[in-house]
Amino acid sequence: MNKERMLRSMAARNPLSTPMQHSTARRRFLQGVAAGVTAASLPSMAAAQSRPLSLLTWDAYADPNLLDMWRSTTGEDVRYEIHISDPTSVNRLRAGETAVWDFINVNNPWARNIMWPAGLIRDLPRDRFDPLYAEMKEKFQMPYRWALSEDEEHLLGVVQRYETFDFVVNQDVISPALAQDEGWDLFNNPDFAGRYGILAYEDWNVMDICMGAGVHPFREKTDEEVARFEETCYRWIENAALVTTDFVQLNLAILNGEIDLYFTGGTYTTAAARLEGVTELYAITPNSGPADGKGGINWIELNSAVNNPDPHPAALDWLEWITTPDAAELVARGNGNLQPVSQMSQPELFNRFSAEELAAIQWDEFDQRIANAVEFDIVPDYDRLYDIYSAAMRSRG
Amino acid sequence: MTRAGSPGPWFAAPVAIFMLLCFAGPILIVTWFSLMPGRTFELTTAFTLENYVAAISDGYARPMMWSLLGAAITTIVTALLAWPSAIILHRYAGRWASLVSALIALPIFISESVRLFGMSVFMMPRGGILAGSLNAAFGIEIGSILNTWNAALVGMIYIHLPFMLFPLLLGVSLIPADRIEAARDLGANRWQVMREVELPLAAPGLMIGALLTFVLCLGANAEAAILGGRAVTVITAAIEQRFNYAQDWPMGAALTVGVIAITAAIVLPVLSRLDLNRLTKR
Amino acid sequence: MRQGRHLGALRTLWIAAILAFVYIPIVSVVLASLANTRYMRFPHRVWTLEAYGDALSSFTTWQLHSISLSIALSVVVLSTILGTLGAVAFARYNWRGRTWFQRFMVLPIFFPQPVLGLALLLTFTAIGIQPSWKTAALAHLVWILPIVTLVISVRFFGYDVAQEEAAYDLGATHVQVVREVTLPQIWPGIFSGVLFGFLLSWSNLPLSVFTSGPDTPLPVWLFSRTATNYSPLVPSVAVIGTVVSALIVVGAGLLLWAGRRLR
Amino acid sequence: MTAEAARATDRPVILSLAGLSKKFGDTSAVKQVSIDIPEGEFLTIVGPSGSGKSTLVRLLAGLETPTSGTLKLRGKDITAVPANRRPTALVFQSLALFDHRTVGQNIEFAMKMKGVPADKRKARALELLALVRLSDSYYERPVTHCSGGERQRVALARAFASDPEILFFDEPLSAIDYRLRKTLEVELKELHQRTGRTFVYITHSLEEAMIMSDRIAILKDGDLIQIGTPAEIYRQPRDRFVASFMGEVNILGVEDGTFPDIGHPAPGDAAGAYAIVRPEDLLPGSRDVTAEYAVTQRLMLGSRTQLHLASPSGASFVSEIAGEAEAFEVGTSHAFGFDTDRIAWVDR
């Protein structure tokens with residue numbers, strides 16, 4: 001497919017105000033008015049101090065312990081906002097918020113395909129950051145695709161957290177081996193209608209429903225495939241016992257016997273619970289599926305430096321610091337979760353995890369899960385699929 | 001208190017200007033956005049009504065219906081709960097009245113998310129506060145209504161009860177005691193007194209309470225999300241999805257304008273009939 | 001007579017039931033904060049204050065409080081000043097257009113807050129203001145200012161303007177009239193306005209969610225952590241936040257009381 | 001007057017109060033009041049504020065339940081019957097008109113409660129409007145658009161609408177101006193005569209009671225002090241309280257067979273410890289009991305003049321004489337006297 005067109009369609013999905021092309025004079029006037037109002041009406045309490053390092057991030061990097069440790073080792077203040085979704089945050093940068101943020105962490109394709117071409121992130125000095133990749137698992141050895149620009153010239157970020165993110169079952173009800181064999185068809189099985197939940201990470205849900213409909217999520221769809229998607233989408237959403245953005249609630253629902261399985265989910269949603277003794281939960285990556293024969297989806301977070309016109313002096317330090325064993329450990333345990341990180345190939349870090357913790361993240365089968373998954377990519381036709389998805393959600397109830 | 005040359009407008013000016021900029025202004029901008037072509041992010045003069053057409057044809061009536069239904073049910077139930085409470089507090093509670101009123105008011109100032117969370121841990125099956133206590137104390141196993149529309153309704157009633165109760169207390173205090181006695185003396189029974197005298201006299205308070213509750217419920221979202229397990233999609237959730245995951249601002253704006261229009265259609269006629277001077281004067 | 005006693009018991013029961021309904025969730029939050037697992041199985045196997053220790057030692061807790069406090073204090077200052085002026089126009093003088101002003105003034109109260117928050121966010125981004133705690137304060141004001149104005153107005157309505165005229169007649173200047181007659185009498189109204197402004201801002205969720213940008217106020221953090229990724233830290237921070245706001249209110253009350261005694 | 005009272009007592013008793021008491025906490029508002037009210041009587045209960053008269057009428061109307069005692073209507077115990085099931089009606093001090101209704105709706109209220117059909121209600125309401133001398137055009141008018149006097153009439157009509165056996169009035173005329181009050185007092189009296197209903201009227205104004213009533217009951221601190229026809233009350237007050245409640249009076253104590261205040265021997269047939277002399281009986285010139293008084297104040301009351309007097313011992317007296325009394329300038333002294341047959345004797 002025409003890649004440029006796809007990128008354009010992504011770029012058009014531009015959330016919090018694009019660089020606006022309408023009359024600059026009017027805009028400047030409005031800004032003037034706004035600045036006047038703001039200056040006149042608000043005490044400037046925070047204005048005096050120097051700008052804190054600003055993170056636009058998924059929750060692990062907003063972990064209080066991690067931030068406290070950063071503050072105490074560097075003396076730099078930090079603030080953060082947790083993402084709603086990858087595209088939302090990328091488009092906020094596009095809208096001009098590059099002036100606000102220093103750090104962004106989003107999944108696989110965004111840096112290489114969108115943010116770098118649009119000039120939203122800075123490339124990292126290779127002499128300083130390439131060596132970090134040498135310390136990671138083999139999978140991430142240079143030249144590593146998602147960390148580099150398309151011409152492989154520029155290093156766009158540091159890889160850290162990764163895993164497969166598919167679905168979760170109650171292993172007392174459905175054996176993991178059966179679930180891995182059955183894959184997404186479990187949700188097509190009428191026996192489980194009303195017995196599963198949906199974790200409303202909506203872009204992931206769209207990909208999962210593609211898998212369930214036998215459609216490759218990262219290829220452009222035919223009309224027939226869209227029709228299949230639509231049918232599956234309505235059925236799955238209608239048959240869901242509950243939909244929530246809170247995976248703790250879904251885990252509790254499994255624990256309390258309200259449901260037997262849910263999508264989307266994986267180590268991210270189960271590891272901490274398993275460690276607490278909720279061993280009923282089991283993260284499943286299907287053995288096979290419609291995406292080049294694979295049924296799982298593998299996300300890899302790339303930590304990048306935002307192309308802030310007034311770069312924060314500590315931005316690169318932060319990127320390097322998070323890979324140190326002490327920081328990486330906190331990232332892996334971020335916000336009470338347990339999440340494999342790329343630095344776990346280093347014995348110094350790996351040895352900090354107990355056998356129970358490794359069991360909680362199902363570490364012994366982790367490589368197999370990665371092997372059974374396609375890497376998260378941009379979903380062409382996302383708008384069309386999402387409209388179907390949200391219409392199905394609205395018709396629920 | 002003379003009309004000519006009154007300083008009233010000067011005192012009103014700062015507030016009025018603020019409200020024009022930060023209340024009327026945003027409504028205007030949202031309306032402008034709603035007239036832009038779908039999934040664009042700039043304000044131009046290329047106006048189109050496509051978003052409104054889509055809003056009607058794409059099944060958004062359903063979330064709107066759920067929101068209106070939820071608001072109506074909540075308004076009625078909170079009124080039924082608050083009416084006897086207001087009467088008891090006003091007439092019979094004596095020196096306890098202000099303490100009890102304060103106790104009921106207090107939770108308004110505790111964040112809604114916290115209270116809803118508390119409700120969800122209370123209702124949770126098996127290990128929840130209620131189910132767990134019953135099981136530990138009596139060995140009773142109970143089910144749960146969590147993650148249903150009913151749970152969301154209970155949450156809405158819980159959150160909005162004070163918004164009904166306090167205007168109603170004001171309304172009940174507007175009923176002179178001798179009018180009730182007169183009605184009793186003229187042969188009205190309890191029910192007739194309520195219908196013929198108390199309700200009409202307390203109507204301003206009831207109206208404000210109902211209006212407040214209804215409108216707040218129309219915008220309520222957290223209840224359906226935290227307690228309802230999204231058993232249904234309410235209009236605010238649909239709007240948020242439009243803004244966030246769908247990245248379709250003009251469509252989100254059109255839906256917002258729809259909600260604003262419905263709100264205005266309900267609020268403005270009622271508000272224009274209320275005598276604010278009389279109410280605030282008591 | 002006996003029937004009367006039954007009715008009395010019924011009334012007490014009704015009020016008790018309402019209070020239970022109102023307080024059960026709050027008690028539940030406190031109970032939930034005493035666990036050390038996020039997969040709660042009540043009654044807890046281990047009752048612990050661990051989560052409070054974590055919350056108090058965490059910088060995030062302080063940051064959330066300082067942001068919420070910045071917003072609430074700005075809202076209090078601005079809403080009290082603007083609200084007092086507004087209340088004068090609302091209740092003190094009779095002028096042409098007052099009815100319109102009154103209706104316009106109360107309109108935002110009857111407006112769905114999430115919709116208002118979204119509209120403000122759109123506006124801020126459209127004119128290029130970065131969302132921060134300041135924009136959140138501005139958003140809070142749109143909803144809270146009308147309430148504060150109403151609260152102060154109630155006091156003005158119960159106040160006899162002839163007193164000001166009497167003070168004039170007795171030789172007081174404009175400023176003296178305001179200082180000696182007007183302010184002391186509407187002061188309780190202003191204090192209630194301050195109280196409402198503070199508490200409503202401190203607990204506001206729907207407006208903050210959209211308008212606070214990278215500065216996360218307490219209720220937004222609580223909501224996002226309740227809606228995703230819950231742990232006992234959430235109820236413990238909630239309890240701490242509530243206690244802090246109560247302390248601030250009680251502290252302000254004591255200051256006021258002490259100030260009066262000194263005078 | 002006496003004849004009228006006698007005629008009234010011939011009639012059967014309609015309402016009988018026996019030992020009626022009401023306590024609020026520790027305070028007794030009404031203490032052991034017993035009265036038999038004959039059918040068709042206009043009984044007025046008079047007392048100063050705080051005397052328990054409002055509580056008493058609320059007990060009669062059924063708005064309060066007595067702490068002890070019984071209330072019988074035509075011999076049937078109605079003590080426990082609530083207000084809405086008593087065939088009586090109360091006209092409130094505040095009138096308690098329903099401001100959210102029209103005049104017609106106010107008047108029809110009691111009939112509507114009983115389920116009387118709308119057309120019958122209206123016909124009766126128009127009759128009642130005529131009874132209280134309001135034109136038909138008032139029927140549709142909101143009560144809030146009525147003047148004070150009109151509201152009084154609407155309240156009256158509303159009370160009559162339920163066709164009550166007894167009407168109670170709780171000081172309904174206390175808040176209106178003097179002239180209108182006088183007019184309404186007369187109208188009320190006429191209405192009583194025309195309808196033949198039993199009226200129980202509460203007031204703090206003895207003047208009002210005198211004009212309208214067949215009998216007057218005087219209440220003080222919850223106790224029934226005296227009950228009788230206006231003439232009896234006027235001529236034979238039970239004690240100094242009743243006497244002074246009737247207006248300004250001169251009270252002379254008797255000590256060792258003399259009036260020490262004026263240094264004059266008391267008449268030999270003194271029938272009590274105090275002599276009550278009305279101002280209109282203390283007149284210039286020589287009478288049975290005469291003394292010298294100094295004029296301290298002269299007040300013109302139109303056709304009459306009120307003189308404030310001081311006796312040689314310094315006690316204050318009041319005299320009312322016809323005309324302008326030019327001769328009695330302040331500071332001058334004159335002889336004033338009263339006849340012994342005008343004295344009302346009381347023991348307390």
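Convention: sequence-line order gives letters A, B, ...; per-chain numbering from 1.
- Ser272(B) has its side chain within reach of Arg103(C): a pair of non-hydrogen atoms, C-beta onward, lies under 4.5 Å apart.
- Each of Ala246(C), Ala87(C), Pro114(C) has some count of heavy-atom pairs under 4.5 Å with chain B, and the biggest count is that of Pro114(C).
- The structure places CZ of Arg11(C) at 12.0 Å from CG of Leu89(B), a figure rounded to the nearest 0.5 Å.
- Note on Pro14(B), Pro26(B), Gly132(B), Gly219(B): by heavy-atom pairs under 4.5 Å with chain C, the leading option is Pro26(B).
- Of the two parts of Ile109(C), the backbone and the side chain both hold a non-hydrogen atom closer than 4.5 Å to a non-hydrogen atom of chain B.
- Contacts between Tyr92(B) and chain C at a heavy-atom distance below 4.5 Å involve the side chain alone, from C-beta outward.
- Heavy-atom pairs under 4.5 Å with chain C were tallied for Ile88(B), Leu81(B), Val114(B), Ile159(B); the largest tally goes to Ile88(B).
- Note: Leu271(B) CG to Gln102(C) CD = 10.0 Å, rounded to the nearest 0.5 Å.
- Put simply, the side chain of Pro7(B) does not reach to within 4.5 Å of the side chain of Arg92(C), judged on heavy atoms.
- If you measure heavy-atom distances from Thr263(B) to chain C, the contacts under 4.5 Å come from the side chain alone.
- Interface remark: Ile18(C) contributes side-chain atoms only to the contact with chain B (heavy atom separation under 4.5 Å).
- Of the two parts of Phe210(C), only the side chain, counted from C-beta on, holds a non-hydrogen atom closer than 4.5 Å to a non-hydrogen atom of chain B.
- For Leu19(C), the part sitting under 4.5 Å from any heavy atom of chain B is the side chain, from C-beta outward, and nothing else.
- Taking both residues in full, the closest heavy atoms of Ala126(C) and Phe33(B) are given as CB-CE1, 4.4 Å, listed atom of the first, atom of the second, then distance.
- Heavy atoms of Met123(B) lying under 4.5 Å from chain C are absent altogether.
- Annotation: maximal heavy-atom pairing with chain C below 4.5 Å, among Ile260(B), Ile266(B), Thr256(B), occurs at Ile260(B).
- Considering CD1 of Ile24(C) and CE of Met119(B), their distance stands at 7.5 Å, rounded to 0.5 Å.
- Top candidate by heavy-atom pairs under 4.5 Å with chain B, chosen from Leu122(C), Leu107(C), Leu85(C), Leu205(C), is Leu122(C).
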Does the side-chain contact (heavy atoms from CB on, under 4.5 Å) test come out yes or no for Ile157(B) and Phe21(C), once each step is laid out?
CA-CA 10 Å; Ile157(B) 292 161; Phe21(C) 179 51; 4.1 Å; yes
Derivation and outcome, side-chain contact (heavy atoms from CB on, under 4.5 Å), residues Leu121(C) and Phe243(B)
CA-CA 11 Å; Leu121(C) 174 65; Phe243(B) 275 97; over 6 Å; no
Q.
Could you go through Leu130(B) and Phe42(C), starting from their C-alpha distance and side-chain angles, then the distance that decides it, and tell me whether this counts as side-chain contact (heavy atoms from CB on, under 4.5 Å)?
A. CA-CA 8 Å; Leu130(B) 177 66; Phe42(C) 195 81; over 6 Å; no
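- Side-chain contact between Ile208(B) and Phe110(C) is present, with at least one heavy-atom pair separated by less than 4.5 Å.
- Between Leu103(B) and Tyr23(C), some side-chain heavy-atom pair lies under the 4.5 Å cut-off.
- Heavy-atom pairs under 4.5 Å with chain B peak, among Pro112(C), Pro43(C), Gly83(C), at Pro112(C).
- Val30(B) is not listed as a side-chain neighbour of Leu118(C), based on a closest heavy-atom distance of 4.5 Å or more.
- In this structure, chain C has heavy atoms under 4.5 Å from both the backbone and the side chain of Ile110(B).
- The most heavy-atom pairs under 4.5 Å with chain C, out of Ala264(B), Ala136(B), Pro107(B), come from Pro107(B).
- In this structure, Leu78(C) and Phe18(B) have side chains that are not in contact, with every pair of non-hydrogen atoms separated by 4.5 Å or more.
- Below 30°, between 30° and 60°, or above 60°: for Phe104(C) and Phe23(B) the angle between ring planes is between 30° and 60°, a tilted geometry.
- Contacts of Thr236(B) with chain C are made by side-chain atoms alone, with heavy-atom separations under 4.5 Å and no backbone atom involved.
- Using a 4.5 Å cut-off between heavy atoms, Leu216(B) touches chain C through its side chain atoms alone.
- Taking 4.5 Å as the limit, every side-chain heavy atom of Arg115(B) sits out of range of all side-chain heavy atoms of Val29(C).
- If you measure heavy-atom distances from Leu82(C) to chain B, the contacts under 4.5 Å come from both the backbone and the side chain.
- In terms of heavy-atom pairs under 4.5 angstrom with chain C, the leader among Ala225(B), Ala137(B), Gly128(B) is Gly128(B).
- Between chain B and the options Val239(C), Val30(C), Leu199(C), the largest number of non-hydrogen pairs under 4.5 Å is found for Leu199(C).
- Among Ala238(C), Ser245(C), Ala119(C), the residue with the largest count of heavy-atom pairs under 4.5 Å with chain B is Ala119(C).
- Taking CD1 of Ile27(B) as the start and CZ of Phe111(C) as the end, the distance is 3.5 Å to the nearest 0.5 Å.
- With a 4.5 angstrom heavy-atom cutoff, Val267(B) touches chain C only via side-chain atoms.
- Here the closest non-hydrogen pair linking Phe122(B) and Ser28(C) is CB-OG, 3.5 Å.
- For a residue to count as touching a neighbouring chain, one of its non-hydrogen atoms must lie under 4.5 Å from one of that chain's; by this rule Phe101(C) touches chain B with the side chain only.
- The candidate from Thr242(C), Leu120(C), Leu218(C) with the greatest count of non-hydrogen atom pairs under 4.5 Å with chain B is Leu120(C).
- In the displayed structure, Trp10(B) atom CH2 is contacted under 6.0 Å by at most 12 heavy atoms of other residues, nucleotides or ligands.
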